[in-house]
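Written out below as structure tokens is the structure these notes cover.
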Amino acid sequence: MLSESSAAVVTATLPAVRAHGEAITGRFYRRMFDAHPELLDLFNRGNQATGQQKAALAAAVVAYAGHLTGDAAGLPWGPVLDRIAHKHASLGITGTQYPIVGRHLLAAVAEVLGDAVTPAVAAAWDEVYWLLACELIAREARLYAGAGVPEGGPVWRDWRVTGRARETADVVSFTLAPADGGAAPDFTPGRYVSVAVDLDDGRGRQIRQYSLSGRPGAAEWRITVKRVRGQAGAPDGLVSGYLHDRVSVGDTLRLSPAFGEVDATGDGGPLLLVSAGIGLTPAMAALAHLAERDPRREVTVVHADRTAAAHALRHELPAMQERLPNLAVHLWYEDIADAELPPLKAEVRAGLVEPDRIPVAAGATAHLCGPIAFMNLVRGDLLRRGVPARRIAYEVFGPGMLPG
Ligand SMILES: Cc1cc2nc3c(=O)[nH]c(=O)nc-3n(C[C@H](O)[C@H](O)[C@H](O)COP(=O)(O)OP(=O)(O)OC[C@H]3O[C@@H](n4cnc5c(N)ncnc54)[C@H](O)[C@@H]3O)c2cc1C
Ligand code: HEM
């Protein structure tokens, strides 16, 4: 808990910090990377360039300060901490890195707010930072212990690429087995791995997350990666491009253990899996899991894509339908000209997804994954139709969470 004196100071300065949140974190990253260039490899350069990660960090610190001082605005806090802790654990963040972030973040607050940062203000925000840091460090320690990672030890393990399959023009799947010959650990559908790659031409290391798209409990793991193409002059995706262009069978990839706070299989009742584009990867793991362990489950798959040909892993759905007799499939393709692909019992509609036409069984839990705008649209409609927020899980393939 925040001390009473600090709470008063934080309440008084929160509006100024909130207003300058992005400027503060912008300064913070510049300072920190100047002093610790080795940390550049840890952070996502795409997010740095587009400002997404800056916004996520600013939002987290400000929301936590609001939470501590009883400001009701902001997200429910537990899921936010879980989201950050799982992401951090997948990146191998250690307790020893928190003082570095804290030092540079607080120095950036002082730089941006100037004379307003008296010693009392600095001490109060230091307290906020460390309360938040301690919560995260504790959660991350539990995650490492659960994944068998020694304290402060590396999360990375070498995996051998045992298969590579082209799914669509832009999507490739890789199957992976531990290089030391050990077994691939079991995982809950919805979990993801971080993949660390050394880019060519001395461009350093970059890490990205990929949801496991194969069957939990299988001898191998599978990830399914969409090549990200730069829009309007922006560069092509670094890691997806590297995986597509440089990685083939027999190569080694460095992977973290499987982390992720979202379970894509619901609570045992009817399950609604809603995805768009490459956001189908957690749903495919959920289907494979249920086909084996709970085949009578009532499951509705709703998927939106540009065309049937762009719909990755579509060819796996007929086999899932055979194994899951209560599986219904609803597809929205922006262009249905080529929808007559191999047999699939599905309702196929043309155009963008129409949320009010998504069938929702009584007592269903939903799992959403796709672009933020798509998930906001679908989630908003499910809420309006009476599905409680706690029964709508979702995965964002980037930093951040949905509002409210
Ligand atoms: C939990 C989770 C699970 C995920 N699961 C999957 C999955 O199953 N499959 C999958 O394919 N992806 C998945 N992702 C997304 C994946 O982690 C990567 O974000 C994705 O592959 C893009 O990474 P990249 O390195 O190729 O692109 P980046 O290099 O990170 O680029 C991303 C975007 O930023 C833009 N950008 C970069 N630099 C600049 C600049 N200087 N100016 C303007 N724009 C710029 C690029 O043009 C591009 O649009 C997941 C993400 C998360 C968080
Ligand atoms: C109290 C301290 C911290 C807070 C509040 C915080 C907050 C966040 C948030 C909100 C995210 C985005 C999560 C998401 O994907 O939704 C994130 C990601 C990340 N954090 Fe932290 N963090 C803290 C400490 C640290 C430390 C000590 C490090 C290590 C140097 C670190 C490194 C990272 C990295 C590398 C990412 C992913 C960046 C990316 O993908 O662009 N964080 N953090």
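Remember, it's 1-based here, ligands and their atoms both numbered in the order they're listed.
- Within ligand 2, counting atoms from 1 as listed, the ones closer than 4.0 Å to a heavy atom of Asn44 are 39 (C), 40 (O), 41 (O).
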Salt bridge (Lys or Arg N to Asp or Glu O under 4.0 Å) assessment of Arg357 paired with Glu347: CA-CA 11 Å; Arg357 298 183 81 165; Glu347 286 257 14; over 6 Å; no

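- Taking a cutoff of 4.0 Å between a charged side-chain nitrogen and a carboxylate oxygen, Asp251 and Arg160 do not qualify as a salt bridge.
- Annotation: Thr224 places an N or O atom under 3.5 Å from an N or O atom of ligand 1; distance criterion only.
- Here Arg227 does not pair with Asp236 in a salt bridge; the nearest charged N to carboxylate O distance is not below 4.0 Å.
- Each of the atoms 30 (O) of ligand 1 lies under 4.0 Å from some heavy atom of Asn44.
- Using a cut-off of 4.0 Å between Lys/Arg side-chain N and Asp/Glu carboxylate O, Glu334 and Arg306 are scored as not salt-bridged.
- For ligand 1, the atoms sitting less than 4.0 Å from at least one non-hydrogen atom of Ile278 are 9 (N), 10 (C), 11 (O), numbered in the order shown with element in parentheses.
- Considering only residues two or more places apart in sequence or on other chains, Glu140 meets the salt bridge (Lys or Arg N to Asp or Glu O under 4.0 Å) condition with none of them.
- Taking every heavy atom of Ala60 and a limit of under 4.0 angstrom, the matching atoms of ligand 2 come to 10 (C).
- Tyr210 is listed as a side-chain neighbour of Val239, based on a closest heavy-atom distance under 4.5 Å.
- Under 4.0 Å from ligand 1, heavy atoms of Leu238 appear from its side chain as well as its backbone.
- Between Phe259 and His86, the ring planes are perpendicular. Angles over 60° get that label, and only those under 30° would be called parallel.
- Side-chain polar atoms of Thr224 and Thr281 form no donor-acceptor pair below 3.5 angstrom.
- Atom numbering of ligand 1 starts at 1 in the shown order; those under 4.0 Å from a heavy atom of Gly230 are 47 (O).
- A salt bridge between Arg215 and Glu220 is absent, with no side-chain N of the basic residue lying under 4.0 Å from a carboxylate O of the acidic one.
- Contacts of Phe397 with ligand 1, taken as heavy-atom pairs under 4.0 Å, involve both backbone and side chain.
- For ligand 2 and Leu91, the ligand atoms under 4.0 Å from any heavy atom of the residue are 34 (C), 35 (C), 36 (C), 37 (C).
- Ligand 1 places these atoms under 4.0 Å from at least one heavy atom of Thr281: 7 (C), 8 (O).
- Proximity of a side-chain donor or acceptor of Tyr129 to a complementary backbone N or O of Leu105 within less than 3.5 Å is not detected.
- Close contacts of ligand 1 with Ala234, meaning ligand atoms under 4.0 Å from a residue heavy atom, involve 43 (C), 44 (N), 47 (O).
- Contacts of Glu395 with ligand 1, taken as heavy-atom pairs under 4.0 Å, involve the side chain alone.
- The pair Asp82-Arg139 counts as a salt bridge, with a side-chain nitrogen and a carboxylate oxygen less than 4.0 angstrom apart.
- Residue Asp236 places no N or O, backbone or side chain, under 3.5 Å from any N or O of ligand 1.
- In this structure, Arg191 does not pair ionically with Asp263, as no charged nitrogen and carboxylate oxygen lie closer than 4.0 Å.
- In the vicinity of Val239, heavy-atom distances shorter than 4.0 Å reach the ligand 1 atoms 24 (P), 25 (O), 26 (O).
- If you number the atoms of ligand 1 from 1 as listed, the ones under 4.0 Å from a heavy atom of Gly398 come out as 53 (C).
- Checked against a 3.5 angstrom limit, the closest N/O atoms of Lys87 and ligand 2 fall inside it.
- Every atom of ligand 2 with a heavy atom of Val101 under 4.0 Å away is listed here by number and element: 26 (C), 27 (C), 28 (C), 30 (C).
- Of the polar atoms of Gln209, at least one N or O is found under 3.5 Å from an N or O of ligand 1, judged by distance alone.
- Checked against a 3.5 angstrom limit, the closest N/O atoms of Arg83 and ligand 1 fall outside it.
- Between Asp34 and Arg30, no side-chain nitrogen of the basic residue sits less than 4.0 Å from a carboxylate oxygen of the acidic one, so the salt-bridge criterion is not met.
- Heavy atoms of Ile223 come nearer than 4.0 angstrom to ligand 1 in no pair at all.
- Taking 4.0 Å as the cut-off between side-chain N and carboxylate O, Arg293 and Asp186 count as a salt-bridged pair.
- The option with the heavy atom closest to atom 31 (C) of ligand 2, from among His104, His88, Arg83, is His88.
- Residue-ligand proximity, Val228 to ligand 1, at heavy-atom distances under 4.0 Å covers atoms 22 (C), 48 (C), 49 (O).
- The atoms of ligand 2 that sit less than 4.0 Å from any heavy atom of Ile93 are 26 (C), 28 (C), 29 (C), 31 (C), 32 (C).
- With 3.5 Å as the limit, one finds no donor-acceptor pair spanning the side chains of His367 and Tyr394.
- Between Lys226 and ligand 1, an N or O atom pair is found at a separation short of 3.5 Å.
- The shortest N or O to N or O distance between Tyr210 and ligand 1 is below 3.5 Å.
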